[in-house]
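Letters A, B, ... mirror the listed sequences (proteins, then strands); counts begin at 1.
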Amino acid sequence: MADNETLPDAPEYDNEAAGDVDYDDDEPLDLTRENNAKIIMLGSATDDDSCASFQFENEDHTLGNALRWIIMKNPKVEFCGYSIPHPSEPKMNMRIQTYGDITAKDALIQGLADLRDLCDVVTDTFVAEKERFVTEKKQAVA
Amino acid sequence: MDGFDMMDSGTDGPIVTIRKADSMHADFVLSNVDLSFANSIRRIILAEVPTLAIDLVEVIANSSVLPDELLSHRLGLIPLESSNIDDKLLYTRDCDCDGYCDRCSVVLTLVAKCTGDQNVTVYARDLAVAAGAQLGNPVLTDEAGKGSIICKLRKGQELNLKCIAKKGIAKEHAKWQPCAAVAFEYDPHNKLKHVDYWYETDAKAEWPKSANAGWEEPAQENEPFDYNAVPNKFYIDVETVGSLQPDEVLRQGIKYLQEKLATVIAGVNKSAGQGAATNTGGDVNGMDDGYGGARSPDMNDANGYRNFNDGYVTPYGGAGGGAGAQTPFGGYGGGGYSNGWP
Ligand SMILES: [Zn+2]
């Protein structure tokens with residue numbers, strides 16, 4: 001930038017705030033599950049924390065849509081939506097607005113826990129059904 | 001859950017009905033869940049369930065007609081038996097070693113030479129897994145048990161390759177896909193009008209009925225459109241490539257979805273004290289202080305590969321540990337099988 005004074009300097013990118021990690025140069029693509037969810041809170045619109053936007057790094061529709069749905073199921077939540085601002089940036093934004101009884105962050109945490117519980121239920125249901133299917137098949141053969 | 005009604009339909013929880021299943025397919029109906037959740041499951045079993053695939057090839061000799069890189073690509077795409085990979089292998093990036101080692105890779109060798117006048121065909125079954133490996137046998141599903149063709153050799157041509165197979169996910173490269181396809185359908189009669197069928201004169205007459213049409217009532221004549229209706233039944237057919245059983249693919253998929261959630265929970269909790277941003281001028285307020293080397297808590301900790309650290313066990317059993325290794329399809333024993341030509 002010093003060479004060309006006619007161009008304004010790009011704003012400093014705050015690596016720490018963005019949750020950036022120093023990546024090993026040998027690793028072209030960071031896909032470790034362990035580093036996947038770097039989450040930051042974007043500027044909030046209200047003083048009481050009832051509304052907030054979050055930015056998830058390295059997440060997409062796989063997490064976004066299901067999480068959006070389960071957070072909307074919470075009756076204390078007025079609005080929840082997500083978007084992927086640009087297809088070539090691995091970032092997912094989520095907006096949560098509650099009626100004020102709980103904070104947006106609490107709604108997010110509740111949503112994550114609820115979705116995890118739902119996963120458990122689906123796994124159990126699937127395993128039970130698989131057992132039933134296998135038994136039935138065995139009986140049919142016998 | 002927090003006392004509020006989880007399900008759109010108001011009935012009790014998700015339901016799974018298996019319609020058909022074998023070692024490579026699981027055709028089931030998932031109902032009483034939301035479209036977004038069913039789609040998450042589809043996406044995760046397509047792209048984020050780890051398997052084993054050849055990732056590095058050291059070419060000692062290749063005088064075949066195929067160039068090294070083409071051969072390496074073909075080798076990468078061969079499905080390798082990968083069940084319970086999380087208990088057996090680390091990702092190389094999480095391993096202490098330089099390059100690769102026994103804890104994060106499986107070595108397969110391919111040695112073949114054509115000496116006779118008859119051309120020789122090299123099949124996937126000619127890949128020999130290193131003794132003692134707990135996984136990594138090539139998947140052989142054809143009746144003759146040969147597997148896919150790697151290349152053909154004429155008189156005097158030879159192959160001598162050392163293939164290093166690593167754990168990975170399909171988000172990084174499609175060779176790590178556990179599934180060839182995941183069929184996904186809902187609303188076979190298009191009552192919700194999520195599909196706008198193109199037609200010459202009559203869509204009903206011109207489009208074939210879905211195979212799942214029999215599972216739902218078609219719309220009545222002149223039935224009014226239900227604006228509150230949501231998709232509720234999802235017809236899913238998981239078709240694997242043989243590296244994992246469909247049952248394991250699904251269970252692992254849900255496990256990884258939960259692991260994603262756990263990672264986010266850890267990220268949110270870590271920043272607990274910090275409130276919402278007060279500066280809204282485009283600045284982001286650090287919720288997470290770098291998230292350094294934080295590891296996601298393993299949901300099914302009993303299976304977590306991080307257990308390597310406590311009560312350290314090598315990923316490979318002692319001598320003869322690999323003897324029982326075989327594909328779920330019968331095939332052959334893991335032990336001393338010869339590399340001989342038929
Ligand atoms: Zn290693």
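Between B:L46 and B:A170 the shortest heavy-atom distance is O-CB, 3.5 Å. Across all their heavy atoms, B:Y91 and B:P50 have their closest contact at OH-CB, 3.5 Å.
With sequence neighbours left out, the salt bridge (charged side-chain N to carboxylate O under 4.0 Å, His left out) criterion links A:D106 to no other residue. Not counting sequence neighbours, the partners of A:E129 by the salt bridge (charged side-chain N to carboxylate O under 4.0 Å, His left out) test are A:R132. Taking the side-chain contact (heavy atoms from CB on, under 4.5 Å) definition, one finds that A:D101 meets it with A:K76, sequence neighbours left out.
In terms of non-hydrogen atom pairs under 4.5 Å with chain A, the most contact-rich of B:D247, B:I18, B:I41 is B:I18. When each of A:A128, A:A104, A:A66, A:G111 is checked for heavy-atom pairs under 4.5 Å with chain B, A:A66 comes out on top.
Interatomic distance, CD1 of B:I85 versus CG of B:L90, reported as 10.5 Å (0.5 Å rounding).
Between B:D86 and B:K255, at least one side-chain nitrogen of the basic residue sits less than 4.0 Å from a carboxylate oxygen of the acidic one, meeting the salt-bridge criterion.
Contact of B:L250 with chain A is made through the side chain alone, with heavy-atom distances under 4.5 Å. Of the atoms belonging to A:I109, it is side-chain heavy atoms, and not backbone ones, that fall under 4.5 Å from chain B. Contacts of A:D124 with chain B are absent, with no heavy-atom separation under 4.5 Å from either backbone or side chain.
Taking the six-membered ring for Trp and thresholds of 30 and 60 degrees, B:F37 and A:W69 have ring planes inclined between 30 and 60 degrees apart.
Residues of residues 133-140 of chain A lying under 4.5 angstrom from chain B, judged on non-hydrogen atoms, are A:F133, A:K137 by number.
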